[in-house]
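To start, the structure under review is shown below, and the notes come after it.
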Amino acid sequence: MHAQYSEAPGTGSLLKGLNPEQHAAVTLPSGASLILAGAGSGKTRVLTTRIAWLMATGQVSPGGLMAVTFTNKAAKEMLHRLSAMLPVPVRGLWIGTFHGLCNRFLRAHWKLAGLPQSFQILDTADSLSAVKRVMKAMNVDEERFVPKQVSWFIAARKDNGERPKDVDAHDPQSRKMVEIYQAYEDQCQREGVVDFAELMLRTYELMRDNAALREHYQHRFAHILVDEFQDTNRLQYAWLKMFAPPGSPQSVFAVGDDDQSIYAFRGAQVGNMADFEREYRVKQVIKLERNYRSFGNILDSANALIAHNAKRLGKNLSTEAGPGEPVRVAEATSDYAEAQWLLDEAQQLHRSGTPRSEIAVLYRSNAQSRVVESALFNAGVPYRVYGGLRFFERAEVKHALAYLRLLENPNDDTSFLRVVNFPTRGIGARTIELLTDAGRASGRSLYQSVGAVVGKGGANLLAFTGLIDQLRERTRGLTLREIIEQMLDTSGLVDFYKAEKEGAERIENLGELVNAAEAFVTQEGFGKDAVALPVDETGGPGTLAVGLPPAPAAVDLTPDAETGEIVSPLAAFLTHAALEAGDNQAQAGQDAVQLMTVHSAKGLEFDCVFITGLEEALFPHENAMSDNDGLEEERRLMYVAITRARKRLYLSFSQTRLLHGQTRYNVKSRFLDELPEGALKWLTPRNAGFGSGYAKEYQQAWQRGTGLGSVVGAGRVAGRPAYTAPPAQPLPAAMQNKAGASHGLRVGQAVFHTKFGEGVVLTLEGNGPDARAQVNFGRHGAKWLALAIAKLTPVD
DNA sequence: TATCCTATTCTTTTT
DNA sequence: GAATAGGATA
């Protein structure tokens, strides 16, 4: 059957250039399939070509297909490539992120989902502040229940598909957590807001509980494709099963790489791949193992490393590109020296023709970026740091968005509280407390409760709601741009920042918000994501009835938005802001060295890659070293890092590192020992210890305080010293535990900590002000504590 | 009510 | 070291 399709006119060019495995994957017949796609094996190409091929051969209409990714970037990339292959109108295609598609679904069926039409989406920060509010209302001790952990707990339960009633809680602690979870849900429902996990869970539940709707969508989506399957969590897999249950006639095409699963820490279940294979009775798993990205030495290193993992489906990357350059390994005496060395190498690479944007510096944790940044900054090398604060997460932008959200949904208490007194208008904590009490007593939103506290200092509140109402009136019918400009003016935001010393940049960002809105309206066509699904290609909802039991009378399958209600550009823009937080601002366009964590490097590739900080406790990270699963995930992380490089790979580690304001003495990472000797080239003498080769040179330079090469006037960023000098003679790692133990603790000792309660000392390291202990606190897990700071009392 | 100072914590992150 | 939260103070 598929042979016939692949010979269909016009599809030949689509398939041209695919290797046999890729070709087989693209042209697989309907049914469930699992593609194990190694790093750099052309995964996205296979996915997009598959979609194009399905459409070009008439096996599916654009409306009958759904493709799910994790990131907006991946979704955009897919749409972009697809439109280059096929003249398909991209609009209306169900290709997007899990959350984006859920949003689309819930916008269409908001009534059935029990949501207000203008429901707002909470990002992580909004959600956290909502949790805090709930906890305050419940009088929960924030010492015992850390809001962040509660928030994390709720998200984790939802990602597992559990409502409060589903959570089994045996001890008082977790019972309380569940209680907070329930109260949080009630509050969100009351306010008409949903968090990210709720988007997924609502969609799943609506599909599960509404047979007619379920059958409609199962009928509609004949082909479902899932990208990065190894990153799916329980809920996402259950969600998929609602749209295409095992054994149904639908075709599910899952692509993933178990070796690149690096999100178990937030609920991803690698096991979903094996479950999928079994439950969907996948006949043949296709492995894409030919790598088109990296040279041999790089791939050999990656393969050798990942072979140390026990839990694998098994895969080995190969290339025909030849061995290429060896993987370079360097040891530095300090993180500072490491950064200087890196700077030098990067400069050299650039001088010999490598664009800066093809040089990436990867590290395990964000805190490591600072040293590198300083080095690059002082040398005048342009660089770009990924991660950190993104555009829509900036305080001033969030304030502006809060005003806009109140126009759409005044019951959004999170937004209300954010701006009710910003800029300050004489509404203090006391007034807010009164208002909150009134709201709680009547079960109404803060906005609705303002009337109840007028007279008790609520006059200013009335002025605020008046301002919002007036703004809503005045902006009716205006363009999005005009609405935002009005809001910035009326709210007093711009005036406020004008008066601030440091407000110029914030005003600039608010201007940027106007631009973003403008771009959104023109480029995207505002309603694209928010307006409901286009009518079914097969003839719309009418065809549903064929062969199906009659839908319950009360159930209207017509998407609610098609009943004539129009989604405003503002609503669409707010959704866009919540779901696509936008790139962190950057000197985009400029040729800059790329700095990012290994996590955020996933899916990217560069000619030259530096992996820095290859030290025990850092990479693998200390918090992940205690159990084997954690260690294997760290190894996969390293695998991801290595496979980012096309031509040249540098690995570096340092003897000392400044972390959390303290010098730490590190041992090189075990991962270095897991790489094949033959693929490596040591730039510093192997196991040479201190003061040798490169390292010595840099240490001396650094002791002179000048650095090397082009570093002139180094040492200052924004007026503050960039570095604190580490001790002149670092203590050899082997001696760490032996020097004077003034703290009087020993391994195995039972201790008490005011926060974590009782625990047992696992490890002792360092001495004097740097002394630290790893203590197992049972329920709280093992923690590293600085003994100079932490209050640890021995228990007998 | 607003602001300043100190105590406290500190992976990885997209949506 | 740096960011954030909470308490104390003007």
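Chain letters run A, B, ... following the sequence lines, proteins first and then strands; every chain starts at 1.
Counting to the nearest Å, the P atom of B:dT11 and the CZ atom of A:F619 are 16 Å from each other. Atom NE2 in A:H660 sits about 12 Å away from atom P in B:dT9, given to the nearest Å. Whole-Å rounding puts the A:Q260 CD to B:dT13 C1' distance at 16 Å. Between the CH2 atom of A:W152 and the P atom of B:dT11 there is a distance of 15 Å, rounded to whole Å. Rounding to whole angstrom units, CD of residue A:Q368 and C1' of C:dA2 are separated by 16 Å. If you take CZ of A:R425 and C1' of B:dT1, they are 15 Å apart, rounded to a whole angstrom. The NZ-P distance, from A:K73 to B:dT13, rounds to 13 Å in whole Å. When rounded to the nearest whole Å, the span between CD1 of A:I262 and P of B:dT14 equals 10 Å.
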Before you tell me yes or no, could you show the steps for A:F416 and A:F464 under ring pair (Phe, Tyr, Trp, His ring centres under 6.0 Å), namely the whole-Å CA-CA distance, both residues' side-chain angles and the distance that decides it to 0.1 Å? CA-CA 10 Å; A:F416 186 98; A:F464 175 68; 5.3 Å; yes
Run the side chain to side chain donor-acceptor pair (under 3.5 Å) check on A:S129 and A:R418 step by step: do they pass? CA-CA 10 Å; A:S129 79; A:R418 176 179 281 276; 6.0 Å; no
Check step by step if side-chain contact (heavy atoms from CB on, under 4.5 Å) holds for A:L376 and A:L595. CA-CA 11 Å; A:L376 293 171; A:L595 272 61; 3.7 Å; yes
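Between A:Y497 and A:F422, the ring planes are tilted. Angles from 30° to 60° get that label.
Side-chain atoms of A:Y263 lie closest to B:dT13 of the nucleotides B:dT15, B:dT13, B:dT11. The side chain of A:R370 lies closest to C:dG1, out of B:dT15, C:dG1, B:dA2. Closest to the side chain of A:F265, from the set B:dT14, B:dT13, C:dG1, is B:dT13.
One N or O donor and one acceptor, one from the side chain of A:T124 and one from the base of B:dT15, sit under 3.5 Å apart. Not a single donor-acceptor pair, N or O on each side, falls under 3.5 Å between the base of B:dT11 and the side chain of A:R364. Judged by distance alone, with hydrogens and angles left aside, A:R430 brings no side-chain donor or acceptor close enough to the base of B:dT1 to form a pair under 3.5 Å.
Put simply, A:R266 has no side-chain N or O that comes within less than 4.0 Å of OP1 or OP2 on B:dT15. At the phosphate of B:dT12, neither OP1 nor OP2 sits under 4.0 Å from any side-chain N or O atom of A:N623. Residue A:T431 has a polar side-chain atom (N or O) positioned under 4.0 Å from OP1 or OP2 of B:dT1. Within the 4.0 Å cut-off from OP1 or OP2 of B:dC10, not a single side-chain nitrogen or oxygen of A:S365 is found. Here A:N366 reaches the OP1 or OP2 of B:dT13: one of its side-chain N or O atoms lies under 4.0 Å away. Remark: A:S600 is not in phosphate contact with B:dT14, judged by side-chain N or O atoms under 4.0 Å from OP1 or OP2. Distances shown here put every side-chain N or O of A:R390 at or beyond 4.0 Å from the OP1 or OP2 atom of B:dT13.
Heavy atoms of A:A624 sit under 4.0 angstrom from at least one base atom. A:N421 comes within contact range of the sugar-phosphate backbone alone, with a heavy-atom separation under 4.0 Å but no base atom that close. Within 4.0 Å (heavy atoms only), A:E633 reaches no atom of the nucleic acid at all. If you check every strand for non-hydrogen atoms under 4.0 Å, A:D195 touches nothing.
Here A:H621 counts as stacked on B:dT11: its ring centre is under 5.5 angstrom from the base ring centre and the planes meet at under 30°.
Residues forming a side-chain hydrogen bond (donor to acceptor under 3.5 Å, both in side chains) with A:D259 (at least two apart in sequence, or on another chain): A:R312, A:K315. Listed by chain and number, the residues in a side-chain contact (heavy atoms from CB on, under 4.5 Å) with A:A617 are A:E622, A:R664 (sequence neighbours excluded). Every residue meeting the salt bridge (Lys or Arg N to Asp or Glu O under 4.0 Å) condition with A:E228, not counting sequence neighbours, appears here in chain and number order: A:K43, A:K602. Checked against salt bridge (Lys or Arg N to Asp or Glu O under 4.0 Å), A:E162 has the following partners two or more places apart in sequence or in another chain: A:R157. For A:K132, the salt bridge (Lys or Arg N to Asp or Glu O under 4.0 Å) test picks out no residue, with sequence neighbours left out.
The glycosidic torsion of B:dT11 lies within 90° of 0, which places this base in the syn conformation.
Each of A:H99 and A:G661 was matched to the nucleotide of DNA chain B holding its nearest heavy atom; the match closer to the 5' end belongs to A:G661.
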Polar atom pairs (N or O), protein with nucleotides 6-10 of chain C, under 3.5 Å:
residue: C:dG6; atom: OP1; partner: A:E142; partner atom: OE1; Å: 3.4

